[in-house]
Amino acid sequence: RILVELTAPARFPQWSADGSGVFYVHAAAEGEPFHLWLLRLADRRVQDLGALPGFTLANPRVTIHPNSHELTYMQGTFGNWLYMLEHFLK
């Protein structure tokens, strides 16, 4: 079943640790920066958790910590940098 209809493709969906939502990466339009989003399943509310600076589809892996408050992702194009965002969901 469809959970939510978006204006552009959602990428890399992952369940929240408690199963109450689904995190995903989404850019509102081509050329726009990618943001991390959370779809809360109880009310189908979608929340923009902010931009992922430097995120590109060349390094598409986003990993969410089991506490659902931290994530890691690669920035740029096939580089040597690993970034972590802390406390993005409180």
### Summary
In short, Ala17 meets Pro66 closest at the heavy-atom pair CB-O, 2.6 Å
### Task
Name all residues meeting the side chain to side chain contact (heavy atoms under 4.5 Å, CB included) criterion together with Glu32; count only those two or more places apart in sequence or in a different chain, and write none if there are none.
Ala29
## Note on the structure
Value for CG (Leu36) from CZ (Phe12), rounded to nearest 0.5 Å, stands at 12.0 Å
### Query
Does the side chain of Leu39 come within less than 4.5 Å of Phe23's, by heavy atoms?
no
### Message
With rounding to the nearest 0.5 angstrom, report the CZ to CG distance, Phe34 to Leu52.
### Response
9.0 Å
## Note on the structure
Distance col, row His26:NE2 vs Arg11:CZ, nearest 0.5 angstrom, shows 10.0 Å
### Separation between OH of Tyr24 and CG of Leu49, rounded to the nearest 0.5 Å
9.5 Å
### Query
Are the side chains of Trp37 and Val25 in touch, meaning some heavy atoms are under 4.5 Å apart?
no
### Query
What's the spacing between Asp48 CG and His35 NE2 if we round to 0.5 Å?
5.5 Å
### Query
What pairs with Arg45 under salt bridge (Lys or Arg N to Asp or Glu O under 4.0 Å), at least two apart in sequence or on another chain?
Asp43
### Message
Could you measure the distance from the OG atom of Ser16 to the CG atom of Leu41? Nearest 0.5 Å is fine.
### Response
7.0 Å
## Note on the structure
Across all chains, not counting sequence neighbours, the side chain to side chain contact (heavy atoms under 4.5 Å, CB included) partners of His65 are Asn67, Glu70
### Query
For Ser20, which residues count as a side chain to side chain donor-acceptor pair (under 3.5 Å) partner, sequence neighbours excluded?
Asp18
